[in-house]
There are 2 protein chains.
Amino acid sequence: MKHSGKPGRDTRKRILDAAEYLFSHNGFHRTSIKQLASEAKVNLAAINYHFGSKMALIEKVIERQLRPINQQRVERLAAIRQTAARKGCRPLAEDLLHAFIEPAFTINTQMQERRYLLALAGRAFSETDTAIRTIFINQFKPPFMLLFQAMREALPDLPEDVLLWRLHFAIGAMTHCMRLCSVDSPSADLCPQADDSETQVKMLMEFVTRGICTPYQPVEKRSKRR
Amino acid sequence: MKHSGKPGRDTRKRILDAAEYLFSHNGFHRTSIKQLASEAKVNLAAINYHFGSKMALIEKVIERQLRPINQQRVERLAAIRQTAARKGCRPLAEDLLHAFIEPAFTINTQMQERRYLLALAGRAFSETDTAIRTIFINQFKPPFMLLFQAMREALPDLPEDVLLWRLHFAIGAMTHCMRLCSVDSPSADLCPQADDSETQVKMLMEFVTRGICTPYQPVEKRSKRR
DNA sequence: GTCTATAGATTGATAGAC
DNA sequence: GTCTATCAATCTATAGAC
């Protein structure tokens, strides 16, 4: 009968931590459970014992990392909406975008040593495995839909499909930034110096806010194509 | 003695085509040589015979797809610079961005059936394998550096590091768009309808141009954080 | 719950006949 | 150049002793 409690929980946590680290750096498929066991200093069989399969472990790792981020997104978006409704005015697009973007850069990554986690979250849309991408998307969908709805209120004159495109462009800029900010890259010399996350969020916010909050009309006619 | 010429070239091309298709859809590591041989309808050993190794094939596939895109980028950027210099004025940031972005969406993908190739090119920065990412980055670097230099001329008042960040945000928006436009996705219901590539480029251009060509200053102070 | 040992499948790559 | 056959390595997952 299990009553010690500790050793089991500890093993589970060690596996999750090691998985976060290795998945972030090497991706899901290029990380074997043998590597995981070695990194976590647990027995190879323990992983399948505690999680059932590698895919189930992947799911748990993704969930553990994304849930607090997305929860805070939803809470903050709802709060902004409520405040606006109370005041009888529209929510500010900039506030909504900030509520969506900032949690990704601050939750779980306060410590510089854990910034590699950004890579994991930033891989949502570029994962080639459909099963894994589905796990990501399912986590991502609720806060994104909420953002979309709220942005429709904030920018009622923007056509719906244009807004959706622009939100996706913003997502692309954000996830790319998360990947760049996370770990070692062979593109190091192309990259801006990784400043503090506050600066990153500020610059990203400025970029996407300008890109999104612009009345829709084709930019002035191009003079020549080439 | 080899004199027929045809069968060899044909096999090589069939392998490259099949590799493009499978790599685009399933990623590099999740595509096995056996699958490749089956898709290309060639013998399993032919792949190692013609390319030496799987990694060498990956490199050839990436090069074949990115070279014409990047070549056009470089040519167009250089032409814009030259024209501006001849007129004694600065190049237009918008023209430069267009010269960099548009080739990705038009070269090799004129036919709707080949749009899956966008996924391959869009995976440059999200690949977890360092060796593969290095291949991508090496192809990407020359036109990107040229864009950066030209943009410095176009926007001399923008601090260098701010410009670099913004260019990366634009890259993120672009690659994300390329991934979305390419293939089947479990996020289908989150995605804007895949219009024609002309509309996509237009909207993307509008977004990044606004985001980049803005004087640098923190957006107005945020009223409250939460 | 933890461990050893191993099954069972798949991988990239190669040797050698034709 | 093309093919068959196969190697050696690696992978996920499990069975069974402790």
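Just so it is clear: chains get the letters A, B, ... in the order the sequence lines come, proteins before strands, and each one is counted from 1. No experiment lies behind these values; they were computed from the predicted model shown.
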Pairwise 5' ranking along DNA chain D for B:Y49 and A:R30, keeping only the more 5' one
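The residue mapped nearer the 5' terminus is B:Y49.
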Of the options C:dT4, C:dA13, C:dA15, whose atoms approach the side-chain atoms of A:A45 most closely?
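Nearest nucleotide to the side chain: C:dT4.
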Does a side-chain N or O of [X] approach OP1 or OP2 of [N] to a distance below 4.0 Å, or not?
X	N	answer
A:N48	D:dT14	no
B:N43	D:dG1	no
B:S32	C:dT10	no
B:H29	C:dT11	no
B:T11	D:dT2	yes

Nucleotide [N], atom [atom2] - distance to [atom1] of [X] in whole Å:
X	N	atom1	atom2	answer
B:K54	D:dA9	NZ	P	19 Å
B:I58	C:dT11	CD1	C1'	13 Å
B:K41	D:dT2	NZ	P	16 Å

Name the residue from A:D129, A:I58, A:L57, A:T128 that meets the side-chain contact (heavy atoms from CB on, under 4.5 Å) definition with A:F28.
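Between A:F28 and the candidates, side-chain contact (heavy atoms from CB on, under 4.5 Å) is satisfied uniquely by A:I58.
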Less than 6.0 Å separating the ring centroids of A:F125 and A:F136?
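They do not qualify: ring centres at least 6.0 Å apart.
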Measure from the ring center of A:H176 to the ring center of B:H168 and say whether it is less than 6.0 Å.
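When the ring centroids of A:H176 and B:H168 are compared, they turn out to be within the sub-6.0 Å range.
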Hey, can you tell me if B:F207 and A:F169 have their rings parallel, tilted or perpendicular (30° and 60° cut-offs)?
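B:F207 vs A:F169 ring planes: tilted.
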Which part of the nucleic acid does A:L44 contact within heavy-atom distance under 4.0 Å: base, sugar-phosphate only, or nothing?
base
